[in-house]
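Computed from heavy atoms alone, side chains included, the values below leave out hydrogens, waters and symmetry copies. Positions are given from 1 along the sequence.
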Amino acid sequence: MISTLLLLAIPWTIHRLPDTGQTRRYAVANGDDSTITINPPAFTVNNNGTVTDLVTGLQWQQADGGEMKWESAAAYCAALPLGGVTGWRVPYAQELFTIQNHGASNPSLDTTVFTRSNAEYWWAAEPRADSATVAWAANAGGGIGAHPVTETISAGGAKRFHVRCVRHSVAGPELLSRYTDNADGTVTDNQTGLMWAKAETAAAVTWEEAFGAVRSLTLGGYSDWRVPNIKELRSLHTDYAVRPSIDTKFFPNTAQAIFWSSTTQIGQNGVTAW
């Protein structure tokens with residue numbers, strides 16, 4: 001079990017935040033995910049059962065470890081004899097989401113790099129902040145969410161939750177503060193380098209309306225604002241908070257709402273966005 005104190009102490013291990021891998025347009029919007037590429041996914045297969053992510057710097061188990069209870073995953077990874085190295089562990093939710101490829105589905109992974117399995121979900125290390133029996137997991141369709149640990153087959157459930165272990169060699173720089181309030185309506189994330197609007201739109205908007213609202217935005221002296229892709233949006237998520245799952249010290253009055261990304265869900269005829 002991971003306590004809230006440990007959640008607060010989770011290191012930032014990602015060198016750069018990778019793009020989603022979505023390069024095909026599934027819906028037409030000015031500024032949708034497929035039209036903007038910053039750090040395209042890139043991997044090296046090490047021919048020893050491991051894969052190195054050249055964007056994040058993380059090293060991954062190429063073939064997942066199979067279905068298992070969430071409570072068993074940590075011991076499995078810690079004992080993993082792979083690649084002649086130690087330090088394998090269950091990935092943090094943010095790490096796990098970086099290898100999701102939103103240009104593919106079922107699985108939403110680059111299967112030229114990672115070995116295909118029959119997994120429906122992959123465990124992350126963190127429980128949800130408000131429940132020790134609900135843990136984060138990425139799914140084969142490209143999403144990530146919290147699930148009761150009893151849902152997996154070996155715990156008496158009906159779904160296949162696997163684990164794919166990870167290791168990192170060097171954590172990111174120790175930051176005095178994750179965020180900087182720029183005192184101009186913007187907040188800079190010192191881990192990702194992204195600058196965010198401090199406040200959301202005042203009212204609910206459709207996906208298409210979100211792009212229009214951002215195009216007309218001038219804030220902090222900048223006018224090149226855009227709707228974030230789903231990995232950028234997820235990076236703002238704070239795993240030690242719920243409803244809302246964000247650092248409300250820097251983003252006060254955030255609504256307990258659903259927030260749009262620029263990423264569309266493939267195979268949905270362009271009508272579904274993340």
Side-chain angles (χ1 to χ4, degrees), residues 4 7-22 31-33 36-39 55-56 58 91-100 102 124-130 136-139 142-146 171-173 175-202 204-205 207 210-211 213-214 217 219-220 222 224-265 273-274:
T4 300
L7 285 172
L8 288 167
I10 286 175
W12 182 257
T13 61
I14 298 167
H15 294 175
R16 290 178 294 150
L17 192 67
D19 199 7
T20 64
Q22 186 167 109
D32 77 298
D33 187 358
I36 299 171
T37 300
I38 299 174
N39 294 317
V55 179
T56 65
L58 296 169
Y92 305 128
Q94 182 61 57
E95 294 172 326
L96 187 60
F97 199 56
T98 64
I99 60 171
Q100 293 280 62
H102 293 90
E126 301 97 317
R128 198 173 65 189
D130 61 346
W136 286 94
N139 65 58
I144 189 166
L175 301 173
L176 294 177
S177 175
R178 163 83 189 263
Y179 297 108
T180 298
D181 189 327
N182 300 313
D184 58 5
T186 72
V187 174
T188 297
D189 184 334
N190 298 311
Q191 290 180 336
T192 64
L194 295 170
M195 182 183 289
W196 294 89
K198 189 171 183 177
E200 69 243 35
T201 56
V205 294
W207 190 66
F211 288 93
V214 168
L217 182 65
L219 188 64
Y222 299 96
D224 58 345
W225 295 92
R226 57 182 175 81
V227 178
N229 69 42
I230 190 58
K231 288 188 180 178
E232 292 171 328
L233 186 59
R234 208 285 165 186
S235 74
L236 203 61
H237 179 95
T238 297
D239 287 313
Y240 54 79
V242 292
R243 292 182 290 275
S245 54
I246 198 169
D247 189 333
T248 53
K249 175 183 176 182
F250 291 92
F251 300 94
N253 306 314
T254 298
Q256 295 180 27
I258 298 172
F259 291 81
W260 288 119
S261 81
S262 65
T263 309
T264 47
Q265 187 173 7
W274 290 102

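Between Gly31 and Ile36, the closest heavy-atom pair is O-CD1, 3.9 Å. Here the closest non-hydrogen pair linking Val242 and Ala129 is CG1-CB, 4.2 Å. The minimum heavy-atom distance linking Trp274 with Gly143 is given by the pair CH2-N, 3.5 Å. Closest non-hydrogen pair, Gly185 versus Leu219, comes out as O-CD2, 3.4 Å. Across all non-hydrogen atoms, the minimal contact from His102 to Gly142 is NE2-O, 2.8 Å. Closest approach of Ala93 and Asp239 over heavy atoms only: CB-OD2, 4.0 Å.
Within the 4.5 Å cutoff, the side chain of Met195 has heavy atoms near those of the Asn182 side chain. Within the 4.5 Å cutoff, side-chain heavy atoms of Ile14 are placed close to those of Trp12. Proximity of Ile230 to Gln100: side-chain heavy atoms (C-beta onward) are nowhere separated by under 4.5 Å. Residues Ser261 and Glu232 form no side-chain contact, since every pair of their non-hydrogen atoms from C-beta on lies 4.5 Å or further apart. The side-chain heavy atoms of Lys198 and Asp181, taken from C-beta on, include a pair separated by under 4.5 Å. Counting only heavy atoms from C-beta outward, the side chains of Phe97 and Pro91 never approach each other to under 4.5 Å.
When the options Thr263, Thr264, Asn229 are evaluated for a side chain to side chain donor-acceptor pair (under 3.5 Å) with Gln22, the one that passes is Thr264.
Side-chain atoms of Thr56 and Glu95 include no donor-acceptor pair closer than 3.5 Å. For the residue pair Asp33/Thr20, the side-chain donor-acceptor check at 3.5 Å is satisfied.
Using a 4.0 Å cut-off between a side-chain N of Lys or Arg and a carboxylate O of Asp or Glu, Asp19 and Lys231 do not qualify as a salt bridge.
Qualifying ring pair (Phe, Tyr, Trp, His ring centres under 6.0 Å) partners for Trp196, counting only residues two or more places apart in sequence or in other chains: none. In terms of the ring pair (Phe, Tyr, Trp, His ring centres under 6.0 Å) criterion, Trp225 has no residue partners (sequence neighbours excluded).
No side-chain donor-acceptor contact under 3.5 Å links Asp189 to the backbone of Leu194. Of the possible polar contacts, none joining the Glu126 side chain to the Trp136 backbone as a donor-acceptor pair under 3.5 Å is found. Although no hydrogens or angles enter the test, the distance criterion places no donor-acceptor pair under 3.5 Å between the side chain of Asp32 and the main chain of Ser262. A donor-acceptor pair under 3.5 Å is absent between the side-chain atoms of Trp260 and the main chain of Ala273, judged by distance alone.
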Exercise answer: donor-acceptor pairs, residues 247-257 side-chain atoms, under 3.5 Å, sequence neighbours excluded:
unit_1	atom_1	unit_2	atom_2	d
Asp247	OD1	Lys249	N	3.0
Thr254	OG1	Phe251	O	2.6
Gln256	NE2	Arg243	O	3.2

side-chain contact (heavy atoms from CB on, under 4.5 Å) assessment of Tyr179 paired with Leu236: CA-CA 10 Å; Tyr179 297 108; Leu236 203 61; 3.7 Å; yes
